[in-house]
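Okay, so here's the structure we're looking at.
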Amino acid sequence: MRLAVRKTYKLFIGGAFPRSESGRSFVVNDARGEFLAHAAHASRKDVRDAVVAARKAADGWAARTGYNRGQILYRIAEMLEGRRAQFVEELRAGGLAREAAEAEVDAAVDRWVWYAGWTDKIAAVAGGTNPVAGPFLNVSAPVPTGVVGVLAPRDAPLLGLVSVLAPVIATGSTAVVVADAPLPAVTFAEVLATSDLPGGVVNILTGVREELAPWLAGHMDVNAIDLAGASPELAADCERAAAGNLKRVLRPAEEDWTADPGTRRMTAVLETRTVWHPLGV
Amino acid sequence: MTFADGYAPAPESTSVVDLRADYGLFIDGAFTAAKETFETVNPATEEVLAEVALAGAEDVDRAVAAARTAFENVWGPMPGAERAKYLFRIARLIQERSRELAVLESLDNGKPIRETRDFDLPQVAAHFFYHAGWADKLEHAGYGTTPLGVAAQVIPWNFPLLMLAWKIAPALACGNTVVLKPAETTPLTALAFAEICRQAELPPGVVNIVTGAGETGRLLVEHPGVDKVAFTGSTAVGKSIARSVAGTSKRLGLELGGKGANIVFDDAPLDEAVEGIVNAIFFNQGHVCCAGSRLLAQESVAEELLARLRARMATLVVGDPLDKNTDVGAINSAAQLARIRELVDAGTAEGAEVWAPSCDLPERGFWFAPTVFTEVAASHRIAREEIFGPVLSVLTFRTPAEAVEKANNTPYGLSAGIWTEKGSRILAVADKLRAGVVWANTFNQFDPASPFGGFKESGHGREGGRQGLEAYLAQS
């Protein structure tokens with residue numbers, strides 16, 4: 001008889017897998033209440049460390065060409081597909097039937113492929129030349145907003161996570177994600193870590209969102225926050241905290257994660273910069 | 001003898017303006033009195049121009065209710081093509097009354113007639129024309145065609161009628177109705193616009209104008225009956241509005257302050273750059289959120305650039321806003337003048353060197369001479385805080401990387417300028433600037449077809465252009 005080697009679930013910050021600086025962890029049980037693992041219970045300091053990592057990565061990631069970001073995003077889809085069986089098992093442990101778990105993983109892979117194709121197209125859709133009434137070249141281009149805080153949705157632990165994270169990094173921002181379905185989130189971090197994604201572009205914290213979200217929403221070096229996974233009360237608190245530096249806020253809404261996402265989540269984390277220059281010879 | 005003495009006065013006549021002794025609120029298509037009133041004064045003379053109604057809670061309730069009824073019964077269901085025709089009518093009426101409106105704006109605001117006549121009014125008309133055309137073409141813009149409902153709009157005193165146009169034209173084009181609060185010190189052109197709405201036979205309640213001060217604005221943006229809040233003004237007030245809409249379903253648009261960097265490289269055509277610097281900071285007395293209030297001069301040309309700038313500043317004509325020769329008019333209010341003086345005193349106290357051309361300022365009214373600070377450090381208040389007056393702070397740099405770093409070293413992110421002959425440098429530097437508008441070899445250009453708005457603490461969203469429509473449509 002062989003004793004199984006269990007996985008230790010940790011945080012994902014700056015491309016590395018640290019434990020919480022607080023030393024805390026919490027028990028993750030399966031849908032039947034059986035012990036599965038301990039996951040890292042992130043602290044306020046972990047949030048700050050993750051924001052520092054995301055900021056450090058922001059300029060370099062924004063400066064990549066859309067083509068290059070698309071290559072990396074597609075690589076993430078490849079690695080996700082390669083771990084299909086593992087994600088199906090983890091989603092089943094969370095209570096999904098096999099068929100539903102398989103459908104969610106497939107949809108997550110396809111969603112990621114969809115966003116991989118957007119990286120070098122969103123600028124053409126969201127920006128362009130403006131026909132101003134004067135002798136000027138006037139061009140508007142979308143620009144990544146910077147560091148984005150993301151509260152991953154509670155439903156659809158993998159597809160929901162992918163649906164809120166992909167638009168952030170596809171458009172050139174970096175992310176600090178709070179996820180409280182820890183197993184798929186940490187395994188997803190392993191996908192990212194093996195996908196040519198520069199360290200710090202995505203940082204994933206597992207823990208209690210009510211505890212972590214207000215620090216993320218109030219952090220003065222975060223530019224936007226997606227409250228997808230927040231309750232109405234938590235969302236209101238976070239939105240008030242976000243006013244401190246006028247973060248862009250995406251409020252939670254009823255979402256069908258299987259539906260066509262459209263461009264809304266991408267434009268929500270893009271600024272528009274307009275450049276004017278006189279025309280003349 | 002100053003340069004200005006070379007010109008005979010050329011005052012614009014005020015006979016085109018029919019100023020009333022008092023003005024009511026414009027609610028549901030009619031002017032109505034309020035319990036309280038306040039005075040609006042001419043900042044160039046301190047003379048009272050008119051008594052204006054001060055809207056209280058009941059007035060705001062009535063205005064929001066009128067806007068709701070008009071939205072549900074008339075304006076929301078109306079085909080876009082019909083809404084378009086109303087906006088075209090309004091645009092034409094503005095053109096027909098543009099001289100009157102320009103004079104009225106100069107009287108109430110203190111800005112030079114040259115600017116109201118040649119900049120504000122043409123832009124105001126252009127915004128209504130531009131958005132009129134969108135009203136029946138929204139399905140092509142990519143943000144859906146569903147209006148939000150009632151928009152609460154609070155605008156500042158620096159471009160009273162232009163900010164009204166920036167707010168009302170897109171809101172109406174997208175099928176929303178509005179309650180607009182003009183600034184306390186500059187309500188008169190908004191009330192003239194209310195008359196234009198009547199002349200255009202705009203259905204009652206589509207546009208409502210409630211005059212008052214900060215409390216009226218607060219009542220309006222916090223009113224549970226509004227679906228959208230649009231505010232242009234200070235970053236501090238913007239933050240408090242962002243807090244007040246938290247947890248509601250209200251959509252929010254904010255156009256806030258700035259501390260724009262105007263970067264002059266050593267290969268820039270210096271005389272053109274000097275014109276650009278003057279336009280960037282002395283246009284509208286510096287009461288411009290996107291003003292180029294920080295000049296970043298490359299060290300190798302800083303001395304020569306400043307010498308030419310001082311020579312040019314000595315030719316600026318400061319005085320009567322209604323004189324067609326005037327370049328720099330009156331400061332809008334005593335409170336704003338005090339704010340400018342406080343920051344200028346702080347600049348001197350912190351060790352920066354102040355210079356202003358000698359000019360005779362009128363005895364009455366609120367005046368501040370064009371001023372430039374050198375020896376400014378990035379930590380000085382005059383380099384960090386928005387002064388919102390004709391005061392320029394000069395810093396220097398050696399390399400493009402240093403220029404970018406200094407330009408971005410601010411919580412704001414509204415505008416920036418770049419002056420250089422080198423095209424590749426323009427594009428590379430513009431790409432690194434965290435600013436919503438970058439003017440290269442020009443400054444303070446505006447057009448309704450071009451989106452405008454800020455990064456970071458300069459606000460949320462864009463106004464103008466296709467992107468500006470997003471603020472007034474419910475994306476499906």
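Just so it is clear: chains get the letters A, B, ... in the order the sequence lines come, proteins before strands, and each one is counted from 1.
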- OG1 of A:T145 to CZ of B:F455, rounded to nearest 0.5 Å, is 7.5 Å

- Any side-chain heavy-atom pair of B:F446 and A:V132 under 4.5 Å: no

- Might you point out which heavy atoms bring A:A243 and B:R243 nearest each other, and give the distance in Å? CB-CG, 3.6 Å

- Item | Contact class of B:L427 relative to chain A, heavy atoms under 4.5 angstrom | neither

- Side-chain heavy atoms of B:V245 within contact of A:E239, under 4.5 Å: yes

- For each of B:V437, B:T235, B:D447, tally heavy-atom pairs with chain A at distances under 4.5 Å, and name the one with the top tally. B:D447

- Task: Can you tell which part of A:P144 gets under 4.5 Å to a heavy atom of chain B, answering side chain, backbone, both or neither?
- Result: backbone

- Query: Between B:G247, B:G464, B:P448, which residue shows the highest count of heavy-atom pairs closer than 4.5 Å to chain A?
  - Reply: B:G247

- Query: How long is the span from the CD1 atom in B:I418 to the CH2 atom in A:W276, to the nearest 0.5 Å?
  - Reply: 15.0 Å

- Task: Please examine the side chains of B:V438 and A:R273, heavy atoms only from C-beta on, and report whether any two atoms are closer than 4.5 Å.
- Result: yes

- Query: Which answer fits A:V143, side chain, backbone, both or neither, if we ask what part of it has an atom under 4.5 Å from a heavy atom of chain B?
  - Reply: side chain

- Note on the structure: Interface check, chain A: of B:S240, B:P411, B:G459, most non-hydrogen pairs under 4.5 Å belong to B:G459

- Measure A:S140 against the heavy atoms of chain B and call it side chain, backbone, both or neither at under 4.5 Å. side chain

- For residues B:A242 and A:L246, report the shortest heavy-atom separation together with the two atoms involved. CB-CD2, 4.1 Å

- Item | Within 6.0 angstrom of A:W215 CH2, more than 12 heavy atoms from elsewhere | no

- Task: Under 4.5 Å heavy-atom distance to chain A, tell me which part of B:L254 shows up: side chain, backbone, both or neither.
- Result: side chain

- Message: Please classify the contact between A:P278 and chain B as side chain, backbone, both or neither, with a heavy-atom cut-off of under 4.5 Å.
- Response: both

- With B:F265 via ring pair (Phe, Tyr, Trp, His ring centres under 6.0 Å) - residues at least two apart: B:F397

- Item | Minimum side-chain heavy-atom gap A:T267-B:E470 below 4.5 Å | yes

- Note on the structure: Correct closest heavy-atom pair for A:H277 and B:N441 would be NE2-ND2, 3.1 Å

- Message: For A:R251, which atoms come within 4.5 Å of any heavy atom of chain B: side chain, backbone, both, or neither?
- Response: side chain

- Flag yes if more than 12 heavy atoms outside B:K422 fall under 6.0 Å of its NZ atom; otherwise flag no. no

- Message: Within this structure, what is the OG1-CG distance for the pair B:T442 and A:L137, rounded to the nearest 0.5 Å?
- Response: 12.0 Å

- Query: Contact part of A:A133 toward chain B, heavy-atom cut-off under 4.5 Å: side chain, backbone, both or neither?
  - Reply: both

- If you draw a 6.0 Å radius around NZ in B:K406, do more than 12 non-hydrogen atoms from other residues or ligands fall strictly inside? yes

- Relative to chain B, which segment of A:V139 carries a heavy atom at a distance below 4.5 Å: side chain, backbone, both, or neither? neither

- Message: Check this for me: A:E211, atom CD, are more than 12 non-hydrogen atoms of other residues, nucleotides or ligands nearer than 6.0 Å?
- Response: yes

- Item | Min side-chain heavy-atom separation A:K247-B:E457 under 4.5 Å | no

- May I ask you to test the B:S450-A:F136 pair for a side-chain heavy-atom distance under 4.5 Å? no

- Task: Answer whether the closest heavy-atom distance between the side chains of A:N245 and B:K456 falls below 4.5 Å.
- Result: no

- Message: At a heavy-atom distance under 4.5 Å, which candidate from B:G454, B:G142, B:G238 has the highest pair count against chain A?
- Response: B:G454

- Query: If you measure from OG1 on A:T274 to CD on B:Q467, what distance do you get to the nearest 0.5 Å?
  - Reply: 6.5 Å

- Query: Is it the backbone or the side chain of B:L256 that comes under 4.5 Å from a heavy atom of chain A, or both, or neither?
  - Reply: side chain

- Query: What part of B:S415 lies closer than 4.5 angstrom to a heavy atom of chain A: side chain, backbone, both or neither?
  - Reply: neither

- Side chain from CB out, backbone as N, CA, C, O: work out which of these in B:A430 comes under 4.5 Å of a heavy atom of chain A, or both, or neither. both

